[in-house]
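Remarks on the structure that follows.
In each ligand, atom 1 is the first atom listed, and ligand 1 is the first ligand listed. Numbers here are sequence positions counted from 1.
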Amino acid sequence: MSTFQAPKGTYDLIPPESAKYLAVREAIAAPLRNSGYGYIETPGFENVELFARGVGESTDIVTKEMYAFETKGGDQLALRPEGTASVLRAALEANLHKLGNLPVKLWYSGSYYRYERPQKGRYRHFSQVGAEAIGAEDPALDAELIILADQAYRSLGLRTFRILLNSLGDKECRPVYREALQNFLRGLDLDEETLRRADINPLRVLDDKRPDVQKQLTDAPLLRDYLCDACKAYHEEVRELITAAGVAFEDDPKLVRGLDYYTRTTFEFVHDGLGSQSAVGGGGRYDGLSEMIGGPALPSVGWALGVDRTVLALEAEGVELELPASTSVFAVPLGDEARRVLFTKVTELRKLGIAADFSYGSKGLKGAMKSANRSGARYTIVAGERDLAEGVVQLKDMESGDQRAVGVNEIVAELESKLG
Ligand code: AMP
């Protein structure tokens with residue numbers, strides 16, 4: 001073992017496990033690609049101010065969890081803790097919102113960084129697949145995103161996740177509620193830090209996980225009783241559209257999420273097999289974010305699903321993904337002439353899209369057959385000098401163990417028809 005280890009709170013994705021992560025990313029992306037979302041990639045770091053303004057100065061993400069640093073050139077940067085602010089920044093910078101085709105629908109996949117206390121399901125480096133629909137205020141768009149996330153999870157075989165839904169109101173009704181909540185919180189027996197939070201961002205207190213705090217919050221005023229008519233109607237339509245799509249959800253009047261930019265629709269996907277880190281994904285509407293980072297008014301909605309936790313959720317449910325075999329054909333040459341011939345055959349198979357691998361290094365027959373077994377290949381082709389002199393190779397079916405000679409010139413077509 002080397003003296004170096006992966007940094008605290010991180011882990012490596014290693015075969016064969018890593019195939020699951022690729023499959024999860026692919027499964028989340030597929031419904032988005034199918035629904036008009038274009039792929040976007042942004043840098044792993046941004047100007048720190050983007051997150052301070054976008055995610056919110058008082059959020060845990062910005063105050064405690066951000067990897068912020070000064071470059072040798074004196075720039076203040078931060079590793080991205082989330083995707084929405086970056087994607088919106090990029091869309092504004094490229095003027096995508098001016099092309100007259102709103103909403104701009106984008107999806108992304110990548111690494112995110114938060115300096116958190118590591119535990120199962122909570123890492124300092126994790127990966128998300130996300131989607132953002134920028135520049136339209138339409139309940140059908142909120143519904144679309146929730147339906148697509150549901151479809152993604154279901155396509156993976158996940159069953160016991162739940163969708164929590166809430167509305168956080170808008171700039172008309174939220175301030176009224178905020179004040180009512182603040183008045184209520186001031187009358188409670190809370191520690192100093194929580195009282196300070198009640199001053200700066202009272203909604204966040206609703207998200208406090210401590211049982212003694214939750215108990216005191218039982219009679220807290222609820223935002224849904226304060227929603228203005230426009231927010232109420234909007235939320236009702238989102239609920240109707242997802243219901244009509246057959247997607248089950250639970251109203252959660254206390255769902256606030258840990259980022260400041262949300263307005264109206266907010267939702268979270270939770271999985272009960274994950275212990276305390278139960279959120280596998282989340283999102284919502286962020287009608288004010290564009291203006292907060294210096295852009296025009298662009299009402300938008302989006303989500304991010306955590307790849308790491310989705311894999312944990314699959315394991316918790318005992319779902320085995322149907323992963324394609326990484327190798328279908330394994331070639332075992334015995335001698336130099338056979339090496340040349342079989343290497344050519346392997347290249348031809350690969351060109352046809354058949355996953356093929358080769359016994360490298362000068363292994364004997366026994367060692368090479370062990371490699372063939374380990375590769376999981378369905379067929380092995382073996383050839384020695386005598387086979388080639390007769391113009392054949394030996395084709396072995398690794399499932400049945402049957403072996404027979406096939407002409408050197410026929411072997412590729414034969415395998416193609418078997419595996420095609
Ligand atoms: P958030 O932006 O905090 O709502 O995160 C969206 C999703 O990303 C969560 O539901 C998780 O699945 C995932 N996620 C967030 N933070 C972490 C973390 N520290 N470790 C692993 N996954 C995370």
Side-chain angles (χ1 to χ4, degrees), residues 6-13 20-21 24-25 27-29 42 46 50-51 54-56 58-67 78-88 107-132 145-146 148-150 152-153 156 158 161-166 168 201 203-204 206-207 209 252 255-262 265-286 289 300-316:
K8 186 174 171 192
T10 72
Y11 63 105
D12 304 305
L13 299 183
K20 271 196 228 173
Y21 288 75
V24 165
R25 290 192 188 112
I28 300 173
T42 65
E46 295 275 353
L50 173 70
F51 301 119
V55 179
S58 73
T59 59
D60 281 353
I61 294 181
V62 169
T63 56
K64 299 184 191 155
E65 298 168 4
M66 207 148 61
Y67 282 90
L79 300 186
R80 56 185 182 188
E82 61 101 48
T84 303
S86 309
V87 168
L88 187 55
W107 76 273
Y108 57 89
S109 172
S111 294
Y112 296 85
Y113 308 86
R114 293 184 194 172
Y115 190 74
E116 300 205 72
R117 207 158 29 80
Q119 64 179 84
K120 187 172 183 195
R122 189 164 73 194
Y123 311 105
R124 291 180 172 176
H125 165 266
F126 56 97
S127 101
Q128 291 183 338
V129 177
E132 315 289 349
L145 279 162
I146 294 170
L148 293 176
D150 181 78
Y153 285 137
L156 282 164
L158 270 188
F161 63 92
R162 294 180 291 132
I163 301 174
L164 309 180
L165 185 68
N166 192 21
L168 290 182
N201 203 329
L203 270 72
R204 185 87 27 77
L206 297 178
D207 216 14
K209 299 283 186 284
D252 181 355
L255 178 74
V256 295
R257 316 239 324 112
L259 302 85
D260 275 355
Y261 51 60
Y262 288 114
T265 315
T266 46
F267 46 86
E268 206 153 79
F269 302 88
V270 294
H271 194 280
D272 296 322
L274 294 188
S276 63
Q277 302 305 311
S278 62
V280 287
R285 184 154 272 286
Y286 48 93
L289 179 58
S300 308
V301 56
W303 52 240
L305 310 188
V307 176
D308 311 74
R309 285 190 202 162
T310 302
V311 170
L312 290 174
L314 289 167
E315 285 166 4

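Ligand-side atoms of ligand 1 in range of F126: 14 (N), 15 (C), 16 (N), 17 (C), 18 (C), 19 (N), 20 (N), 21 (C), 22 (N), 23 (C), range being under 4.0 angstrom from any heavy atom. Close approach of ligand 1 to A304 is summarised as follows: ligand atoms under 4.0 Å from at least one heavy atom of the residue are 6 (C), 7 (C). Listed by atom number, the atoms of ligand 1 under 4.0 Å from A279 heavy atoms are 9 (C), 10 (O), 11 (C), 12 (O). The ligand atoms of ligand 1 that sit less than 4.0 angstrom from a heavy atom of V280 are 10 (O), 12 (O). In the vicinity of Y123, heavy-atom distances shorter than 4.0 Å reach the ligand 1 atoms 18 (C), 19 (N), 20 (N), 21 (C). Close approach of ligand 1 to G121 is summarised as follows: ligand atoms under 4.0 Å from at least one heavy atom of the residue are 20 (N), 21 (C), 22 (N).
Listed for the R80 side chain is a donor-acceptor partner under 3.5 Å among the backbone atoms of T42. Between the R114 side chain and the P81 main chain, a donor and an acceptor come within less than 3.5 Å of each other. A side-chain donor-acceptor contact under 3.5 Å links N166 to the backbone of L255. With R122 contributing its side chain and R117 its backbone, the two residues share a donor-acceptor pair below 3.5 Å. A donor-acceptor pair under 3.5 Å is absent between the side-chain atoms of S278 and the main chain of L274, judged by distance alone. Judged by distance alone, the side chain of R309 and the main-chain N or O of G121 form a donor-acceptor pair under 3.5 Å.
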Practice prompt. Decide yes or no on side chain to side chain contact (heavy atoms under 4.5 Å, CB included) for W303 and I28, but give the supporting numbers first.
Written response: CA-CA 11 Å; W303 52 240; I28 300 173; 3.8 Å; yes

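Nearest residue to atom 5 (O) of ligand 1 from H125, Q128, E82 is Q128 (criterion: closest heavy atom). The residue from P118, G281, G306 that puts a heavy atom closest to atom 10 (O) of ligand 1 is G281.
Contacts with ligand 1 closer than 4.0 Å are made by no heavy atom of D308, backbone or side chain.
On a distance-only criterion, R122 and ligand 1 share no N/O pair closer than 3.5 Å.
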